[in-house]
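Chain letters run A, B, ... following the sequence lines, proteins first, then strands; residues in each count from 1.
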2 protein chains.
Amino acid sequence: MTPVAKRKMEKRKRFNDYINKKHLKSTKQRDIIFNEFFNNYMGKHVTVEELYEDIKKKSPSIGFATVYRTLKLFKESGIASERNFGDGKARYEPIRSEAEHHHHMICTECGQIVEFANMQIESCLLQIAKLNEFNVSNHKLEIYGLCSSCGKD
Amino acid sequence: MTPVAKRKMEKRKRFNDYINKKHLKSTKQRDIIFNEFFNNYMGKHVTVEELYEDIKKKSPSIGFATVYRTLKLFKESGIASERNFGDGKARYEPIRSEAEHHHHMICTECGQIVEFANMQIESCLLQIAKLNEFNVSNHKLEIYGLCSSCGKD
DNA sequence: TACGATATTGATATTGATTATCAATAATAA
DNA sequence: TTATTATTGATAATCAATATCAATATCGTA
Ligand SMILES: [Mn+2]
Ligand SMILES: [Mn+2]
Ligand SMILES: [Zn+2]
Ligand SMILES: [Zn+2]
C-alpha cells in the first residue's frame with residue numbers, strides 16, 4: 001500500500017470512529033465526498049462551492065447543503081482543517097498528519113498559497129500562551145502579500 | 001498636551017491628508033465618528049454594530065451605512081486596523097503607532113482579548129517571506145483558547 | 001456670497017455565504 | 001421486518017456587508 005493510500009485509510013478510520021461515537025450514520029453521500037476530498041484535494045485549499053461543482057459531475061444528485069454539512073463533519077472529526085484567507089469563503093484542506101501542522105502565505109494578486117512551518121515560531125507561541133495562562137486550542141498565522149511572480153514592480 | 005491627545009491629533013492629520021489626497025470631503029458625520037472612535041475605543045476591538053449603537057445615543061441621525069463606510073475609510077487611510085476573530089463580524093481598533101504592531105489571543109469562552117508582540121516571531125516571518133520572495137503587505141497571528149478564568153477545568 | 005461640480009448621507013434593497021427547516025428517504029438496532 | 005433515528009435535497013431564512021439612489025452637504029472658484 002502506498003503511503004498516500006495508508007494516510008487515507010487512517011483518516012477514514014478516524015472519521016468512522018467519530019461517526020460511531022456520535023451515533024451518526026454512514027451514507028453513500030458521505031463516502032462519495034470523502035473519496036473526492038481525500039483523492040483529489042490533498043495539499044489543496046478547496047471552497048465548498050468548488051468541491052460541490054466537482055462532485056456534481058460524477059454524482060449529480062448530491063445536494064449543496066450536504067457538501068456543506070459533510071465538510072463541517074470532517075472538521076469536527078479532526079480529519080480536515082477549515083481555513084479563512086480573507087475572501088469571505090471558507091476553505092477546507094485534508095489534514096495530512098498531526099506532525100504536519102503549518103501556516104500560509106497568500107498572494108493577494110493571484111491567490112497562490114505557499115505553506116510553511118517554523119518550530120521557532122511555534123515554541124514562541126507556546127511560551128507566550130503559558131505566560132498568560134492561556135489554554136491554547138488552536139492558532140492561525142497568515143502572511144499576505146505579492147508572490148514572486150506578481151511582485152515584480 | 002497629553003500623550004493621548006497628541007496621538008489623536010497625529011491620526012487626525014493623517015486622516016485629513018488622506019481625505020485631501022483622494023479628493024474626499026470633511027463632514028460632520030466623519031468628525032463625530034472619528035472622535036467617538038479615538039476617544040473611547042483606544043486599545044479596544046469594536047464591531048461596526050457596537051460603534052453605531054454607541055454613536056446613535058449622542059447623534060441619532062447618523063446612519064448605519066455611514067459608520068460602515070467611515071470605518072473602512074479609517075482603515076484605508078491607515079489610522080485603524082480591521083480584525084477578524086472568527087465570529088463573522090469585522091472589528092476595528094485605532095492604530096496607536098507603527099511601532100505598536102501586535103497580535104491577539106482570544107478566549108473562545110468569554111471573548112477576552114489579550115494583545116502580545118514578539119520580535120523573534122516578527123523576524124522569523126520576514127525571513128520566511130524573503131526566502132520565498134514574497135513581498136509582504138501584512139500578516140495576522142491569532143491564538144484561540146481559554147483564558148485563565150475560563151480554563152479552570 | 002453665490003454657483004456649479006462633485007462627494008456624502010441615510011434609507012433601503014441587494015448580495016453572497018452559510019444555516020435552518022422539513023417532508024421524504026435511508027440506515028441501523030432490536 | 002419493524003421501529004427508531006439520522007440524513008438528504010430543495011428551499012427558505014439569516015446575517016454581515018455592499019450597492020443603489022434621491023436629497024443634501026462640501027468646496028473650489030468666480
Ligand atoms: Mn495548508
Ligand atoms: Mn489589538
Ligand atoms: Zn501572485
Ligand atoms: Zn475567558
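- In this structure, the side chain of A/Asn118 engages the main chain of A/Gln120 through a donor-acceptor pair within 3.5 Å.
- A/Tyr92 has its OH atom 14 Å from the P atom of C/dA17, to the nearest Å.
- Atom CZ in B/Arg30 sits roughly 11 Å away from atom P in C/dG10 (whole-Å rounding).
- If A/Lys22 and A/Ser61 are placed on DNA chain D by their nearest nucleotide, the residue sitting closer to the 5' end is A/Lys22.
- Separating the CD1 atom of B/Ile33 from the P atom of C/dT9 is a distance of 7 Å, rounded to the nearest angstrom.
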B/S/- along nucleotides 21-30 of chain D (protein heavy atoms under 4.0 Å) is ----BBS---
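- Using modelled atom types and a 3.5 Å distance limit, the side chains of A/His101 and A/Glu122 yield a donor-acceptor pair.
- For DNA chain C, no neighbouring residue in residues 70-89 of chain B is found when judged by any heavy atom under 4.0 Å.
- Nucleotide D/dT8 holds its P atom 12 Å from the CD1 atom of A/Ile55, rounded to whole Å.
- A side-chain hydrogen bond (donor to acceptor under 3.5 Å, both in side chains) with B/His103 is found for exactly one of B/His139, B/Glu142, B/Lys140, namely B/His139.
- Using a cut-off of 4.0 Å between Lys/Arg side-chain N and Asp/Glu carboxylate O, B/Glu36 and B/Lys8 are scored as not salt-bridged.
- Remark: A/Tyr41 engages A/Asp54 in a side-chain hydrogen bond (donor to acceptor under 3.5 Å, both in side chains) (not counting sequence neighbours).
- For the pair B/Lys56 NZ and C/dG10 P, the computed distance is 13 Å after rounding to whole Å.
- Whole-Å rounding puts the A/Asn20 CG to C/dT28 P distance at 9 Å.
- The CG-C1' distance, from A/Asp31 to C/dA26, rounds to 13 Å in whole Å.
- Salt-bridge check for A/Glu82 with A/Arg91: failed, with every basic side-chain N at 4.0 Å or more from each acidic carboxylate O.
- A/Ser59 contributes no side-chain N or O that, together with a main-chain N or O of A/Lys56, makes up a donor-acceptor pair within less than 3.5 Å.
- The pair B/Asp31-B/Arg12 meets the salt-bridge criterion, since a charged nitrogen lies less than 4.0 angstrom from a carboxylate oxygen.
- The OH-P distance, from B/Tyr68 to C/dA11, rounds to 16 Å in whole Å.
- Residue B/His23 is the one, among B/Ala65 and B/His23, whose nearest nucleotide of DNA chain C lies closer to the 5' end (criterion: closest heavy atom).
- B/Phe74 and B/Phe15 have their aromatic ring centers within a separation under 6.0 angstrom.
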